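A short write-up of the structure that comes next.
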There are 4 protein chains.
Amino acid sequence: MTDPAGPGGQAHALFARPVKPRSIKVHEAALDATRALLREGGLPAATIDAIAARSGVSKATLYKHWPSRTAVAAEAFGRDMADAVPLPDTGTTEGDLLAQVRLVSRFYASPEGTVFSQLLAASVTDEGGAAYFRAWFLASRRAAVRTLWERGLARGDVRADVDVDTATDLLFGPLVFRLMTGHLPLTDDAAEAVARAALHGLLEE
Amino acid sequence: MTDPAGPGGQAHALFARPVKPRSIKVHEAALDATRALLREGGLPAATIDAIAARSGVSKATLYKHWPSRTAVAAEAFGRDMADAVPLPDTGTTEGDLLAQVRLVSRFYASPEGTVFSQLLAASVTDEGGAAYFRAWFLASRRAAVRTLWERGLARGDVRADVDVDTATDLLFGPLVFRLMTGHLPLTDDAAEAVARAALHGLLEE
Amino acid sequence: MTDPAGPGGQAHALFARPVKPRSIKVHEAALDATRALLREGGLPAATIDAIAARSGVSKATLYKHWPSRTAVAAEAFGRDMADAVPLPDTGTTEGDLLAQVRLVSRFYASPEGTVFSQLLAASVTDEGGAAYFRAWFLASRRAAVRTLWERGLARGDVRADVDVDTATDLLFGPLVFRLMTGHLPLTDDAAEAVARAALHGLLEE
Amino acid sequence: MTDPAGPGGQAHALFARPVKPRSIKVHEAALDATRALLREGGLPAATIDAIAARSGVSKATLYKHWPSRTAVAAEAFGRDMADAVPLPDTGTTEGDLLAQVRLVSRFYASPEGTVFSQLLAASVTDEGGAAYFRAWFLASRRAAVRTLWERGLARGDVRADVDVDTATDLLFGPLVFRLMTGHLPLTDDAAEAVARAALHGLLEE
DNA sequence: GGATAATCGAGACGGTACGTCCAGTCTTTGG
DNA sequence: CCAAAGACTGGACGTACCGTCTCGATTATCC
């Protein structure tokens, strides 16, 4: 109930038994409805009642499959976005990372980015939902960056003494910061400025 | 009513007339109560009803002074934190920035950091509150970094082609990212790793 | 403050001093605004705030002139209706009383009748307002009937052993009953049936 | 939701399905609490919040069962009064009607009569509540008079050309009028005077 | 003719109740 | 036996209006 397995695994309730076809149908129906609601009105529209009404899955059943409404939304959103941002391959490490930052920035600036920020916000006060969000969305994103990073490491282009997590946070944290606070817009130029600064450092050498 | 003035100014209602003492008393009482509630139970505890009950200020009046509960909390929090993080002065630009990142990281990791993340989360779905949060909290924080940054510029230590906003986001965005998602802890070591990476860049020179 | 003088006298506050012209202006302005509000939205529209806003008379002043909003409305309504129903003179006592009942029935069925019922309803939980309603509206209506009744007495047409109050209540109480409960419509036919029954009695002679 | 069924039927929500015991329990609990509140402080005491607090039924549920607080109170009051006024049987039609008027007058003069007037007043500005009041209280009272009236008709004691509704309004309208306006007291003598006048007519024969 | 004191407009304020919304739990019934 | 249906509690929301209050500005009579 509290251990989301993520894309590579299985959602918690599914292990209880050797796969009940009805459970799967129900699970998918709920996610489909949630996806639609997220598209139409963002996270605020994806209330438990709305999901139940639209999917035909009862509220009680929803709570058997997920710990909270945020969790449902996180899983639905994560699936939707699974392959939304393809890995860039520009030939150079710097180009790849720059391209990735630009893509993610555009994603954040899109309607889906709004949902992303709403889910991130909801995760703050809903640890159960946060776990699902990490498992179904963030993990795959970080994995993508890890691939790029390791490609750069193999080429000797990036500092070997920098952790991949640190690198990821440095490249995308600033975008998230802007997205959440709204103090500055998420333009391509801004994304590029941030990426360049991250890649080359803030200090004069 | 919708234009939070921030620390340097006055909250909206106070301009209407040549200062109504009652308004000021009420305003302060509400903020005091809110501060206490935030300390005790974080943002979730600072409901409008609770603020009204504890402060003796009626709900209707609260809504005349602020557009939403997030806004009250943001102003209360901003005042509380006004001078919580003193500017470091280590003698070197790198030392100052490193120290500042470490201080902010510790702040985020503290109970106040939790409130910060809750306010940031609430800002996502409450534009009125977000304005207050920016005006009463974020602005002063960014101003502090700006001071350090300009000090570094004067010394010729930092890249002149990097915007101060970009620099700020790069240094603190990663911390915010970790705070919000909880995917990684906010330790001193992590803060230092992020800061060093930001200062020296991710790429091999 | 609690003793409405009625049409023949003066409202309470006016006695305090040898007539302040401003008081009179204020009084009239409030009543004018209230009349307009009653016409537009009935008693529910005549809130103290609305009266104050429309008349330019402050709320505090309103409460110096009247004990409650119902009282203001009652006085405004009473003045408006002062000469709305002229005394019939058909030549016969029965004709006069029948005509009067018909006129009053039509009045109750009109928009003003709605306001009447609202005032009557408000009087139930507002004794201060009730006094004004009786003084400024009901009294003059009862006086009119008294005139007819005494005319009938002089002619020897009506039972001398029946009190004028009893007669008044008998003729108009049924109409008020219908107006308040809405269980039956207030048509001319119904009014006539009631009046005839009242005049000739329910029992076979 | 808007069609009160009255004593002979069932409140709206109960038809949805073949009897939900929970609904019934909740319904009764709300009515019990309301009855108690009415007894203690009349209609003003029977606020939705108070009913919810005392009965343990949540406000949301109350609004699912009744359209307004007046409706709850009307149903509670109607049940309470269901058999409060037994039908008189004096042997003569005139005696029965006189007795009934006297009983009703005493009822109006009692604390319950105050509640009655408050409900009637509330019905004026609350059509939803009015329907409940008519269905749960007024209807049964009118039915009682109808019985007496028909008894009189069978005996040939009462005018056959007078409608039972007209007769009812004529006998009780005056009492209601006095109750609502308070211009005259509701004594036994007054009741008798009114009843005699109604039975024998106002005009000299 | 200026001082004195009531009177007023403006509107902030506490208080009470409203009616609504949603989360999450629990009960009943049908397949 | 599981799931749909949906009733239910609990708690917060934001609004409306009441009647009281404080504040200055404005008279208008009296000295």
Side-chain angles (χ1 to χ4, degrees), chain A residues 17 20 22-23 25-26 44 46-50 52-53 55-70 126, chain B residues 13 16-27 29 44 46-53 55-65 67-69, chain C residues 13 16-18 20-23 25-26 29 44 46-50 52-53 55-65 67-70 126, chain D residues 13 16-27 29 44 46-53 55-65 67-69:
Chain A
R17 298 218 152 209
K20 295 254 175 180
R22 248 158 119 204
S23 281
K25 238 186 218 160
V26 154
T47 66
I48 282 287
D49 285 301
S55 67
V57 175
S58 79
K59 288 168 68 177
T61 304
L62 289 175
Y63 281 104
K64 263 184 204 142
H65 286 244
W66 292 276
S68 73
R69 94 177 235 261
T70 310
D126 176 358
Chain B
R17 294 227 146 203
V19 178
K20 297 248 176 184
R22 249 160 120 208
S23 283
I24 291 180
K25 237 183 220 161
V26 155
H27 204 89
T47 67
I48 284 285
D49 283 306
I51 296 171
S55 67
V57 173
S58 75
K59 284 170 69 177
T61 301
L62 290 176
Y63 280 108
K64 268 188 196 137
H65 284 245
S68 72
R69 86 179 240 259
Chain C
R17 293 227 150 201
K20 297 249 175 182
R22 252 159 114 207
S23 281
K25 235 184 221 162
V26 155
T47 66
I48 283 287
D49 284 300
S55 67
V57 174
S58 77
K59 289 168 67 176
T61 303
L62 289 175
Y63 280 106
K64 266 185 200 138
H65 285 243
S68 73
R69 91 177 235 258
T70 311
D126 177 357
Chain D
R17 296 223 148 206
V19 178
K20 297 246 176 184
R22 249 160 118 207
S23 282
I24 291 180
K25 235 184 223 162
V26 155
H27 203 89
T47 66
I48 284 286
D49 283 306
I51 297 171
S55 67
V57 174
S58 74
K59 286 169 67 177
T61 302
L62 290 175
Y63 280 107
K64 265 188 198 137
H65 285 243
S68 72
R69 88 178 237 259

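Chain A is the first sequence line, chain B the second, and so forth, proteins listed ahead of strands; every chain is numbered from 1. Being a predicted model, the structure only gives us computed values, none of them experimental.
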- Query: How long is the line joining NZ of C/K25 and C1' of F/dT26, in whole Å?
  - Reply: 12 Å
- Nearest-Å distance for atom pair NZ/C1', residues A/K64 and E/dG24: 14 Å
- When we call it a touch if two heavy atoms are under 4.0 Å apart, what does D/A60 touch: a base, just sugar-phosphate, or nothing? base
- Reckon B/T61 has a side-chain N or O less than 4.0 Å from the OP1 or OP2 of E/dG14? yes
- Heavy atoms only: give me the nearest C/A29-C/S55 pair and the separation to one decimal. O-CB, 3.5 Å
- Query: When we call it a touch if two heavy atoms are under 4.0 Å apart, what does D/T47 touch: a base, just sugar-phosphate, or nothing?
  - Reply: sugar-phosphate
- Task: State which residue, out of A/D49, A/I48, A/L62, fulfils the side-chain contact (heavy atoms from CB on, under 4.5 Å) condition with A/R69.
- Result: A/I48
- Query: Ignoring hydrogens and angles, does a donor from either the side chain of C/K59 or the base of F/dG19 sit under 3.5 Å from an acceptor on the other?
  - Reply: yes
- Do any side-chain nitrogens or oxygens of C/R69 fall under 4.0 Å of OP1 or OP2 in F/dC18? yes
- Message: If I take atom CD1 in residue D/I24 and atom C1' in nucleotide F/dC8, what distance separates them, rounded to the nearest angstrom?
- Response: 15 Å
- Note on the structure: Of C/G56 and A/P44, the one whose closest nucleotide on DNA chain E sits nearer the 5' end is C/G56
- Query: Atom CG of B/L62 to atom P of E/dG14: distance rounded to whole Å?
  - Reply: 8 Å
- Comparing nearest nucleotides in DNA chain F, the 5'-proximal residue of the pair A/D49, B/D49 is A/D49
- Note on the structure: note: D/I48, atom CD1; E/dT20, atom P; distance rounded to Å ~ 10 Å
- At their closest point, which heavy atom of A/T61 faces which heavy atom of A/S58, and how far apart are they? OG1-OG, 2.9 Å
- Item | Phosphate-side-chain proximity, B/H65 and E/dA12, N/O vs OP1/OP2 below 4.0 Å | no
- Item | D/I51 and D/V57, any side-chain heavy atoms less than 4.5 Å apart | no
- Heavy-atom nearest nucleotide on DNA chain E taken for B/S55 and for C/S55; more 5' hit belongs to C/S55
- Message: Do B/S23 and B/V26 have side chains that approach each other closer than 4.5 Å (heavy atoms only, starting at C-beta)?
- Response: no
- Message: With a 4.0 Å cutoff (strictly under), does any side-chain N or O of B/S58 reach OP1 or OP2 of E/dT16?
- Response: no
- Compare the minimum distances between each of E/dG19, F/dC18, E/dG14 and the side chain of B/V57, then state the nucleotide with the smallest one. E/dG14
- For B/Y63 and E/dG15, give me the distance from atom OH to atom P, rounded to whole Å. 17 Å
